[in-house]
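A, B, ... follow the sequence lines: proteins, then strands. Residue 1 opens every chain.
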Protein chains: 2
Amino acid sequence: MATITKKKQRGRPAQSAAKKEEIRAKIVSVSKELFINEGFENISIRKIAQQAGCIPRTIYYYFENKRELLHYLWVDIFKTLSSECERAIKSLEAPLEIIHVIYTTYVNYWLAHRDQYRVIFMIEDLNATSNHDTAVLDMIKSSAKFIRIFEKAINDCIQNKVFKEKNTNRVVQVFFLSAHGLASGIITMREMKWENPDALIKSTLNALITGLE
Amino acid sequence: MATITKKKQRGRPAQSAAKKEEIRAKIVSVSKELFINEGFENISIRKIAQQAGCIPRTIYYYFENKRELLHYLWVDIFKTLSSECERAIKSLEAPLEIIHVIYTTYVNYWLAHRDQYRVIFMIEDLNATSNHDTAVLDMIKSSAKFIRIFEKAINDCIQNKVFKEKNTNRVVQVFFLSAHGLASGIITMREMKWENPDALIKSTLNALITGLE
DNA sequence: ACATTTTTAGGAACGCGTTCCATTATTGCA
DNA sequence: TGCAATAATGGAACGCGTTCCTAAAAATGT
């Protein structure tokens, strides 16, 4: 494959897209291993660089910041989450049951994998613009089937007049944000004496479904 | 006031409780000013120490960590939030209306004061035990009237059989966690294309209330 | 052959939260 | 009076995420 992608010009030629991708893939691969082996607290730019055989500065040459690098872990995490959701709804067909099971599996997944929750939701990029992470969202949506299954189940409920609310996107977000609140609150506010999480999930979900019917 | 709180013993006498409290209050006061004047990103231990006329090490002598220091900002923030809630429900008496208005005011407050949200919910102490922050929770609960008003309104609804669920604490937490999810998700997941927050709040709250009735 | 230009990588620095080791202050004991 | 003991403070260090300034690599132009 020809590597020159521009007219000949002075100066050191830029790396080919393939080469760039190879280096990025290496760094991402090492990041994933580090996260799996040593967890959230020990995944640092310096350690990643060391294991990738480069220096921290190099990582900032290929990635905007740590959060962009961690995007690739997000995709893996959401794939695993999706597998669990897909397994949990394996023999279900009723949309309400699918909603029920995916919602519950989603919250329980974060409660069971708190470091994974943190690596996604507790590292904020204050300088990012809204369109900044659209790419990662698209990656997640395209690889995590459970999101589309969940959206379809909600849409089916709306089409079948199970739900009075007609705006699919809004209903999806209502469910998603309440599930996220359960996970977020229970994980990060440890000083609160929470009721049994299973009971909280069940009460919230039943109330939402009943209220939307 | 006698300052010796122990039998005479060798070594430098410890500061009196009053003196300790004075120093802590000074540091807290400076922290609040810095947060108000320069916001979340610029409230650092070094800057606080500088303005308090001490060094960072001193802050760690009087406070466990940065998060414990920020607890005192939390109390102020929750007091302000409570004032807004109390103002919003000023002439209301119906418990359901009170729940409605407090819930909405609570979410909107965080959406309107995102730095205040971050200073409370985005700085996690991974080494803390559950009982670690119980003191701050008590401080918040005793100074933020809206929490008790909210709990009472929910309890009234349960007593009046408006809600089928009989566990007041659970219902309170269901409302709280869903409100928190709305704020948390909208603030920290900027890459998502959210529906209008007012609509999300309204749909979620109406669904919860209807579902609990 | 050397200078210039452009890209990629390197070393060090920045400010952060936090901790380590040392110093100073202040007491009682021998 | 000097030493030991205890508390409070000090300076520096640690590792973090990130950026700055510089160097090396690799090309073209003169």
Side-chain angles (χ1 to χ4, degrees), chain A residues 2-24 26-27 31 34-35 38-70 118-119 122-128, chain B residues 3-24 26-27 31 34-35 38-71 118-119 122-128:
Chain A
T3 59
I4 307 301
T5 58
K6 292 178 177 180
K7 277 182 180 178
K8 285 187 170 186
Q9 69 173 43
R10 294 169 83 177
R12 183 173 178 172
Q15 281 167 345
S16 67
K19 177 70 174 174
K20 271 190 157 86
E21 216 30 62
E22 178 195 330
I23 295 173
R24 284 170 60 96
K26 170 66 179 288
I27 293 171
S31 303
L34 205 53
F35 180 65
E38 299 186 32
F40 176 71
E41 281 190 90
N42 288 303
I43 183 165
S44 73
I45 293 294
R46 282 171 175 75
K47 286 177 176 170
I48 292 167
Q50 187 180 31
Q51 292 197 14
C54 64
I55 60 165
R57 179 65 187 80
T58 301
I59 294 183
Y60 289 92
Y61 188 74
Y62 292 98
F63 297 90
E64 182 78 12
N65 51 33
K66 185 180 184 184
R67 184 181 162 95
E68 192 201 344
L69 174 52
L70 295 181
R118 290 183 181 102
V119 83
M122 295 297 286
I123 298 174
E124 197 185 5
D125 184 356
L126 297 172
N127 297 318
Chain B
T3 58
I4 305 301
T5 58
K6 292 178 177 179
K7 279 180 178 177
K8 284 187 172 190
Q9 68 173 44
R10 296 167 82 174
R12 183 172 177 170
Q15 283 167 343
S16 66
K19 179 68 173 173
K20 269 186 155 86
E21 214 30 62
E22 179 195 330
I23 295 173
R24 283 171 61 96
K26 171 66 179 290
I27 293 170
S31 303
L34 204 52
F35 179 67
E38 300 187 32
F40 175 71
E41 281 191 90
N42 287 304
I43 184 168
S44 71
I45 293 292
R46 281 171 175 73
K47 286 176 176 172
I48 292 167
Q50 187 179 32
Q51 291 197 14
C54 64
I55 61 165
R57 182 63 186 81
T58 301
I59 295 184
Y60 289 92
Y61 188 73
Y62 292 98
F63 297 91
E64 182 76 14
N65 50 33
K66 184 180 184 183
R67 184 181 161 94
E68 191 200 346
L69 173 53
L70 296 182
H71 280 175
R118 290 185 180 102
V119 83
M122 296 298 285
I123 298 174
E124 198 183 3
D125 182 357
L126 296 172
N127 298 317

Need one value for B:F63: base, sugar-phosphate or nothing, where a base atom within 4.0 Å counts as base even if backbone is also close, heavy atoms only. nothing
So which one's nearest nucleotide on DNA chain D is more toward 5', A:K47 or B:G53? B:G53
Is B:Q50 atom CD crowded by more than 12 heavy atoms from other residues, nucleotides or ligands, each under 6.0 Å away? no
Just verifying a value: how many Å separate B:I23 CD1 and B:Y62 OH, rounded to the nearest 0.5 Å? 3.0 Å
Out of D:dG17, C:dT7, D:dG11, whichever nucleotide has its closest atom nearest the side chain of A:A14: C:dT7
Between C:dC16 (C1') and B:I48 (CD1): distance, integer Å: 12 Å
For B:T58 and for B:R12, find the nucleotide of DNA chain D with the closest heavy atom, then tell me which residue's nucleotide is more 5'. B:R12
Using side chain to side chain contact (heavy atoms under 4.5 Å, CB included) as the criterion, list what pairs up with A:R57, not counting sequence neighbours. A:I55, A:Y60, A:Y61
Given C:dT5, D:dA4, D:dA26, which nucleotide is nearest the side-chain atoms of B:R10? D:dA4
Check whether any side-chain N or O of A:Q9 sits under 4.0 Å from OP1 or OP2 of D:dG29, and answer yes or no. no
Please classify the nucleic acid contact of A:K19 as base, sugar-phosphate, or nothing, using heavy-atom distances under 4.0 Å. nothing
Please list residues of residues 39-46 of chain B whose heavy atoms come under 4.0 Å from any atom in DNA chain C, ordered by number; otherwise none. B:I43, B:S44, B:I45, B:R46
Stepwise, does the side-chain contact (heavy atoms from CB on, under 4.5 Å) test hold for B:F40 with B:L70? CA-CA 11 Å; B:F40 175 71; B:L70 296 182; 5.8 Å; no
Of the listed D:dG10, D:dT18, C:dG17, the closest approach to the A:P56 side chain comes from D:dT18
Counting only side-chain heavy atoms from C-beta out, which of D:dG17, C:dG10, D:dG10 sits nearest to A:Y60? D:dG17
note: A:E64, atom CD; D:dG17, atom P; distance rounded to Å ~ 16 Å
Mind checking the CD-CD1 spacing from A:E22 to A:I27? Nearest 0.5 Å is all I need. 11.0 Å
Taking the side chain from B:K20 and the backbone from B:A14, do they hold a donor-acceptor pair closer than 3.5 Å? no
Give the nucleotide from the list D:dT9, D:dC16, C:dA9 with an atom nearest to the side chain of A:Q15. C:dA9
For B:S31 and B:I43, work out which heavy atoms get closest and say how close. O-CD1, 3.5 Å
A:I23 CD1 to C:dT7 P: how many Å, rounded? 15 Å
